[in-house]
> 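I have a structure I would like to understand better, so I am pasting it below and will then ask my questions one at a time.
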Amino acid sequence: MGYQSRVLRPLYCWLISRHARVAADTMKIATWNVNSIRVRLPRLTSWLRRVEPDVVCLQETKVVDDNFPFAELQDLGYKCLINGQKTYNGVAILSRLEMIDPLPNLPDDSPDVERRLVSATIDGIRIIDAYAPNGGFVGSERYSYKLDWFRRLRAYLDSSFSPEHPLLVCGDLNVAPEDRDVWDPAKWRGKILFSEPEKERFQHLRAWGLEDALRLRHQESGLYTWWDYRAGAFRRGQGLRIDHVLISKPLVDRCATVEIDRDERKGDKPSDHAPVVMSLES
DNA sequence: ATGGCTACTCCTAGTAGA
């Protein structure tokens with residue numbers, strides 16, 4: 001009874017979290033496009049030590065499974081579920097908790113597909129780690145592939161899950177959904193990452209029954225997750241919000257905080273993407 | 001100044017990312 005009190009509950013949870021690998025009170029789930037896990041490993045490990053997330057969905061690991069840095073991540077207490085590929089793409093879920101029913105790819109992907117998806121159930125939540133195609137330029141073959149990839153992801157949700165169950169789709173979705181997610185909407189309008197058909201596909205995915213977690217907590221413009229390496233884009237505040245955490249209805253009330261860790265875009269050898277971290281209450 | 005970088009590869013030039 002005392003543990004439910006406004007004062008005692010946080011204290012209790014703080015004490016528990018200091019002595020257990022798994023926080024008793026909240027679960028931290030993060031997504032981060034690391035743009036090569038081999039180059040980013042020193043930053044990733046120090047970030048894991050600092051933030052202590054329970055689950056991390058990584059994109060663009062760019063490494064075959066045999067060369068994945070299992071040992072370093074296991075030393076920090078993470079099990080690794082990977083769907084790797086040489087040079088391009090590659091996704092991984094790191095988790096302190098058990099991962100049930102692991103699955104690579106979309107059900108209608110061919111065996112030699114680009115490795116853009118991996119999913120597992122963690123603590124009763126179906127977690128889908130996704131790296132959407134970039135799309136090249138509007139009208140290109142890669143653009144068509146991107147639009148169709150979104151259609152297939154929505155079809156997968158339709159055929160395999162119910163929005164009444166706890167489900168989360170997160171990752172680099174390579175779409176900035178609204179004007180407030182883009183540093184210069186006029187300049188970006190109609191361009192890749194911000195074209196109307198891409199935004200429609202993103203909204204169609206959400207219409208299955210997913211909330212944009214960051215927008216549950218923050219309404220302002222200027223919240224970006226990616227900045228071009230060129231032109232001092234980060235320094236100039238020229239970014240886009242293209243990395244997302246989308247959650248089904250049962251998770252909405254549990255969503256306590258959602259933050260972009262933009263400090264990770266600073267300093268030596270950053271990824272061009274910043275992590276997004278969500279805290280879920282139990 | 002309308003482009004500026006980074007990471008990859010059967011690696012020093014070409015491709016892709018976003």
Side-chain angles (χ1 to χ4, degrees), chain A residues 31-44 47 57-69 82-92 112-117 129-150 153 170-202 205 222-244 260 262 264-276:
Chain A
T31 177
W32 193 6
N33 179 326
V34 288
N35 185 13
S36 169
I37 197 167
R38 284 177 290 185
V39 173
R40 221 63 62 205
L41 191 60
R43 284 192 80 123
L44 175 61
W47 181 80
C57 294
L58 301 175
Q59 304 90 39
E60 280 206 274
T61 52
K62 294 187 174 180
V63 73
V64 292
D65 296 0
D66 285 347
N67 295 335
F68 192 88
I82 58 178
N83 187 17
Q85 177 182 342
K86 195 168 73 174
T87 313
Y88 304 117
N89 311 312
V91 286
D112 63 343
V113 73
E114 297 175 2
R115 303 300 174 142
R116 296 185 174 278
L117 211 92
D129 175 15
Y131 172 47
N134 160 283
F137 57 91
V138 172
S140 66
E141 202 167 307
R142 297 196 59 71
Y143 183 70
S144 303
Y145 179 72
K146 178 178 193 174
L147 296 182
D148 198 52
W149 184 90
F150 272 96
L153 177 55
C170 72
D172 175 3
L173 298 183
N174 268 323
V175 178
E178 298 178 274
D179 281 14
R180 59 180 168 167
D181 301 315
V182 178
W183 67 276
D184 186 346
K187 186 189 176 81
W188 280 86
R189 205 165 309 285
K191 303 281 199 320
I192 197 69
L193 313 180
F194 197 54
S195 73
E196 293 308 316
E198 289 168 87
K199 288 188 259 185
E200 282 166 20
R201 292 305 196 285
F202 180 87
L205 178 66
L223 301 176
Y224 307 135
T225 65
W226 170 83
W227 300 259
D228 200 311
Y229 280 127
R230 295 168 294 186
F234 181 68
R235 185 170 41 82
R236 295 168 192 241
Q238 300 178 345
L240 269 61
R241 190 174 72 94
I242 56 178
D243 301 83
H244 303 285
I260 299 164
R262 69 186 295 287
E264 273 304 313
R265 184 61 176 78
K266 300 173 181 172
D268 257 4
K269 290 243 167 223
S271 169
D272 43 355
H273 296 252
V276 183

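Side-chain atoms are counted along with the backbone in the values below, which use heavy atoms only and exclude waters and symmetry mates. The chains referred to below are lettered A, B, ... by the order of the sequence lines, with proteins before strands, and numbering in each begins at 1. Worth saying up front: this structure is predicted, and the values here are computed from it rather than measured.
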> Contact class for A:Leu193 (heavy atom, under 4.0 Å): base, sugar-phosphate, or nothing?
sugar-phosphate
> In the 5'-to-3' direction, what one-character label does each nucleotide of nucleotides 6-16 of chain B receive under the scheme B = base within less than 4.0 Å of a protein heavy atom, S = sugar-phosphate only, - = no such atom?
SSSSS-----S
> Using whole Å, report how far OH of A:Tyr145 lies from P of B:dG17.
11 Å
> If you assign each of A:Gly136 and A:Lys187 to its closest nucleotide in DNA chain B, which residue comes earlier from the 5' end?
A:Lys187
> How is A:Asn33 classified with respect to the nucleic acid when contacts are heavy atoms under 4.0 Å: base, sugar-phosphate, or nothing?
sugar-phosphate
> Rounded to the nearest angstrom, tell me the gap between atom CZ in A:Arg230 and atom C1' in B:dA1.
16 Å
> B:dT15 and B:dC10: how far apart are their C1' atoms, nearest whole angstrom?
16 Å
> Between B:dC8 and B:dT12, how far apart are the two C1' atoms, rounded to whole Å?
13 Å
> How far, in whole Å, is B:dG4 from B:dG14 if one measures between their P atoms?
16 Å
> Can you confirm whether the side chains of A:Arg115 and A:Asn89 place a donor and an acceptor under 3.5 Å from each other?
no
> Let me know the distance between CZ of A:Arg236 and P of B:dG3, rounded to the nearest Å.
14 Å
> Remember a base hit wins even if backbone is also touched, and classify A:Asp228 as base, sugar-phosphate or nothing at under 4.0 Å, heavy atoms.
nothing
> Is it true that the side chains of A:Gln59 and A:Thr31 contain a donor and an acceptor less than 3.5 Å apart?
yes
> Could you state the OH-C1' distance from A:Tyr131 to B:dG17, rounded to the nearest angstrom?
6 Å
> Identify whether any heavy atom of A:Phe137 sits under 4.0 Å from a base atom; if not, whether one sits that close to sugar-phosphate; answer base, sugar-phosphate or nothing.
nothing
> Can you tell me how far P in B:dA1 sits from the matching atom in B:dT6, rounded to whole Å?
25 Å
> Quickly work out the A:Gln238 CD to B:dC5 P distance and round it to whole Å.
14 Å
> Nearest whole angstrom, please: distance from the P of B:dC5 to the NE2 of A:His273.
18 Å
> Taking only residues two or more places apart in sequence, or in another chain, which ones meet A:Asp65 in a side-chain hydrogen bond (donor to acceptor under 3.5 Å, both in side chains)?
none
> A:Asn33 and side-chain contact (heavy atoms from CB on, under 4.5 Å): which single residue from A:Asp172, A:Leu58, A:Asn174 fits?
A:Asp172
> Determine the contact category for A:Leu240: base if any of its heavy atoms lies under 4.0 Å from a base atom, sugar-phosphate if only primed atoms, P, OP1 or OP2 are that close, otherwise nothing.
nothing
> How far apart are the C-alpha atoms of A:Arg189 and A:Asp179, what are their side-chain angles, what is the distance that settles it, and do they pass the salt bridge (charged side-chain N to carboxylate O under 4.0 Å, His left out) test?
CA-CA 9 Å; A:Arg189 205 165 309 285; A:Asp179 281 14; 3.1 Å; yes
> Aromatic rings A:Phe234 and A:Trp227: how do their planes relate, parallel, tilted or perpendicular, breaks at 30° and 60°?
perpendicular
> Would you mind checking if A:Glu198 and A:Arg201 are paired as a salt bridge, meaning a charged N to carboxylate O distance below 4.0 Å?
no
> With rounding to the closest Å, how many angstrom separate the P atoms on B:dG3 and B:dA7?
23 Å
